[in-house]
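Just so we're clear, the structure is a prediction, and the values are computed from it rather than from any experiment. Excluded from the calculations below are hydrogen atoms, water molecules and symmetry mates; all remaining heavy atoms, backbone and side chain alike, are included.
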Amino acid sequence: MSRAINRRDFLKLGGLALGSLAFLPSFPRQPEHDQGRLGRVTIDQIDLRSEPSDEAPIVGNRFRDQLVHIYYEVTPADAPKFYNPLWYRVWGGYLHSAYLQIVELNVNQPLGDIPQSGQLCEVTVPYTTAYQYSQWEGWHPWRGTRLYYGTTHWATGIEEGPDGKAWYQVTSEISETEVYYVPAQHLRPIYAAELAPLSPEVPAEEKHIEVSISQQTLRAYEYDKEVFSARVSSGIPSRRTPSGDFPTATPSGEFRIYSKLPSKHMGSVTGNPDALGESGFSLPGVPWTSFFKFPGGYAFHGTYWHNNFGLQMSHGCVNMRNEDAKWLFRWTTPAFEDEIKDHSDWEKRGNGTRVSIA
């Protein structure tokens, strides 16, 4: 059950009197002009080069979650083979594309109410900070975790947030007892029409997926005719760890998609600051997940922490651009054809689309 907290209660319990903007992320403009696309730095630091080359002098740095304006793309003719050749021209030099997420900054009109079954939503700003509330601590950031552009989350209620405006209560996909709050204007509702199956007239057995590890590509077929292709990032091979973790190489063989969730928390649930140590990770709201091998939890899914598709990057899953993963999610079976009635319907299971990986 969600708990309504009015402004007076918040001021009394939290001991704070902050303006509305104090709780919303600020997205400072770079000194370059307001033009071109926006990119968000997804790792601790990337180097700004004088030319689009790893051999060029470093003329500066950009840091995690910093936003940059991208003027245009550059693909040097002499880029090394088996390398992502894409660079971006930004203020002061060039940034390699591998760890820049292309983002937008869009705000939304809050909903008047949330269905009892929950409302799937998508983050439409570069990042937003989730908060929790307790009578002892008042409002405080949820485990230090930001929610990033393109991630998906289940809104399960509407409350008055610490700024006196509408915030969505978000329930964790992992546990119904884990809730946090996000400014409603930062989340866009995703309705059933966006999840409608693609090519439903094609019999399920006439659809199949082929993934090439050597080429880092995915292709989808209907009646043996290719209808979709995308660059992907499969797992970086490593030995099985002493703790018994599953291999990080994407498995080869014949599989079936057996589980699909439009939103999934992957990795540690303790929050990013804890999980980033010792190569750990915490990824709330991974969008458009389609699991194909159990045990191990190997899946196709959207990716918001790198932009290096075509090279091996993952812990075993098949990373895809968010828009590509969404297409695959809608096209494959089991399908989200029925109305979502409660939290148990957030996952669809079945003997789904065939997958070949080699």
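Legend: residues meeting ring pair (Phe, Tyr, Trp, His ring centres under 6.0 Å) with Tyr149, ordered by chain and number and at least two apart, are absent. Residues passing the side-chain hydrogen bond (donor to acceptor under 3.5 Å, both in side chains) test with Trp327: none are found, sequence neighbours excluded. Checked against side-chain contact (heavy atoms from CB on, under 4.5 Å), Asp47 has the following partners two or more places apart in sequence or in another chain: Gln45, Arg49, Ile58, Asn61. Tyr180 meets the ring pair (Phe, Tyr, Trp, His ring centres under 6.0 Å) test with Trp142; sequence neighbours excluded. Every side-chain contact (heavy atoms from CB on, under 4.5 Å) that Pro197 has, sequence neighbours left out, goes to Pro200, Ala335, Glu337. Residues satisfying the side-chain hydrogen bond (donor to acceptor under 3.5 Å, both in side chains) test with Asn106, not counting sequence neighbours, are Glu104. Under the ring pair (Phe, Tyr, Trp, His ring centres under 6.0 Å) criterion, Phe291 pairs with no residue, sequence neighbours left out. Residues that satisfy the salt bridge (Lys or Arg N to Asp or Glu O under 4.0 Å) test with Arg256, not counting sequence neighbours, are Glu205.
The minimum heavy-atom distance linking Trp288 with Leu120 is given by the pair CH2-CD2, 4.1 Å. What you find for Gly310 and Ser233 is that their closest heavy atoms are N-OG, 3.8 Å.
Side chains of Leu261 and Trp154 form no contact here, defined as non-hydrogen atoms less than 4.5 Å apart. Using a 4.5 Å heavy-atom cutoff, the side chains of His140 and Ser134 are in contact. Looking only at side-chain heavy atoms (C-beta outward), Trp167 and Glu160 stay at 4.5 Å or farther from each other. In this structure the side chain of Phe292 reaches within 4.5 angstrom of the side chain of Val318, judged on heavy atoms. Residues Arg219 and Ser229 have side chains in contact (heavy-atom distance under 4.5 Å, counting atoms from C-beta outward).
Counting heavy atoms of neighbouring residues, nucleotides and ligands inside a 6.0 Å radius, atom CD of Glu201 exceeds 12 of them. Tyr83 OH: more than 12 foreign heavy atoms inside a 6.0 Å radius.
Under a 3.5 Å cut-off, the side chain of Thr303 and the backbone N or O of Met320 do form a donor-acceptor pair. Looking at Ser263, its side chain never comes within 3.5 Å of a backbone N or O of Gly285 through a donor-acceptor pair. Thr353 places no side-chain N or O within donor-acceptor distance of the main-chain N or O of Ile257, the cut-off being under 3.5 Å. Checked by atom type and distance alone, the side chain of Thr250 pairs as donor or acceptor with a backbone atom of Gly316 at under 3.5 Å. For the pair Arg64 (side chain) and Thr42 (backbone), a donor-acceptor distance under 3.5 Å is present. Not a single donor-acceptor pair under 3.5 Å links the side chain of Thr248 to the backbone N or O of His315. Within the 3.5 Å criterion, the main-chain N or O of Thr332 finds a donor-acceptor partner in the side chain of Lys260. Counting only distance, with no hydrogens or angles, the side chain of Gln101 and the backbone of Trp305 share no donor-acceptor pair below 3.5 Å. Judged purely by atom type and a 3.5 angstrom limit, Arg349 has no side-chain atom pairing as donor or acceptor with the backbone of Ser259. Put simply, the side chain of Gln66 gets close to the backbone of Phe63: a donor and an acceptor are under 3.5 Å apart.
The stretch residues 188-212 participates, sequence neighbours left out, in these ring pair (Phe, Tyr, Trp, His ring centres under 6.0 Å) pairs: His208-Tyr221. Within the structure, salt bridge (Lys or Arg N to Asp or Glu O under 4.0 Å) contacts touching residues 307-321 (residues at least two apart or in different chains) do not occur. Screening residues 184-193 for salt bridge (Lys or Arg N to Asp or Glu O under 4.0 Å) gives Glu122-Arg188, Arg188-Glu194 as the qualifying pairs, with residues at least two apart or on separate chains.
For the pair Lys348 and Phe336, the distance from NZ or CZ to the six-membered ring centre is under 6.0 Å and the angle to the ring normal is within 45 degrees. Geometric assessment of Arg40 against the ring of Tyr148 yields a positive cation-pi assignment under the 6.0 Å and 45° thresholds.
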side-chain contact (heavy atoms from CB on, under 4.5 Å) between Val170 and Tyr181, intermediate numbers included: CA-CA 6 Å; Val170 174; Tyr181 299 87; over 6 Å; no

Asn307 and Tyr88: CA distance, side-chain angles, deciding distance, side-chain contact (heavy atoms from CB on, under 4.5 Å) verdict: CA-CA 12 Å; Asn307 186 23; Tyr88 294 130; 3.2 Å; yes

Verdict with reasoning, Leu328 to Ile209, per side-chain contact (heavy atoms from CB on, under 4.5 Å): CA-CA 9 Å; Leu328 196 75; Ile209 298 165; 3.8 Å; yes

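The same ILVMFWY cluster, assembled from side-chain heavy atoms under 4.5 Å apart, contains both Leu95 and Ile43. Linking ILVMFWY side-chain heavy atoms closer than 4.5 Å, directly or via other members, places Ile236 and Leu283 in two distinct hydrophobic clusters. Linking Ile, Leu, Val, Met, Phe, Trp and Tyr whenever their side-chain heavy atoms come within less than 4.5 Å leaves Phe309 and Ile357 in two separate clusters. Transitive grouping of hydrophobic side chains (ILVMFWY, heavy atoms separated by less than 4.5 Å) brings Val232 and Phe255 into a common cluster. Cluster membership for Leu147 and Leu105, using ILVMFWY side-chain heavy atoms within less than 4.5 angstrom, is shared.
Side chains of Gln216 and Ser234: a donor on one and an acceptor on the other come within 3.5 Å. When only modelled atom types and interatomic distance are considered, Arg354 and Ser356 share no side-chain donor-acceptor pair under 3.5 Å. Lys207 and Ser199 form no side-chain donor-acceptor contact under 3.5 Å, judged by distance and modelled atom types alone. The closest side-chain donor-acceptor pair between Asn84 and Ser97 falls under 3.5 angstrom. A donor and an acceptor atom, one from each side chain of Asn108 and Thr124, are located under 3.5 Å apart.
Between Tyr99 and His96, the gap from one ring centroid to the other reaches at least 6.0 Å.
Remark: Arg231 CZ to Leu311 CG distance equals 8.0 Å, nearest 0.5 Å. From Leu218, atom CG reaches atom CZ of Phe300 across 5.5 Å, with rounding to the nearest 0.5 Å. Interatomic distance, CD of Gln132 versus CH2 of Trp139, reported as 9.5 Å (0.5 Å rounding). For the atom pair NE2 (His265) and OG1 (Thr151), the distance works out to 11.0 Å, reported to the nearest 0.5 Å. Remark: Glu178 CD to Thr171 OG1 distance equals 9.5 Å, nearest 0.5 Å. The structure places OG of Ser252 at 10.0 Å from NZ of Lys293, a figure rounded to the nearest 0.5 Å.
With salt bridges taken as basic N to acidic carboxylate O contacts below 4.0 Å, one links Lys264 and Glu173.
Of the candidates Gln185, Arg146, His186, Thr128 forms a side chain to side chain donor-acceptor pair (under 3.5 Å) with just one, namely His186.
Applying the 4.5 Å side-chain rule to ILVMFWY residues, one finds Val202 in the same cluster as Tyr223.
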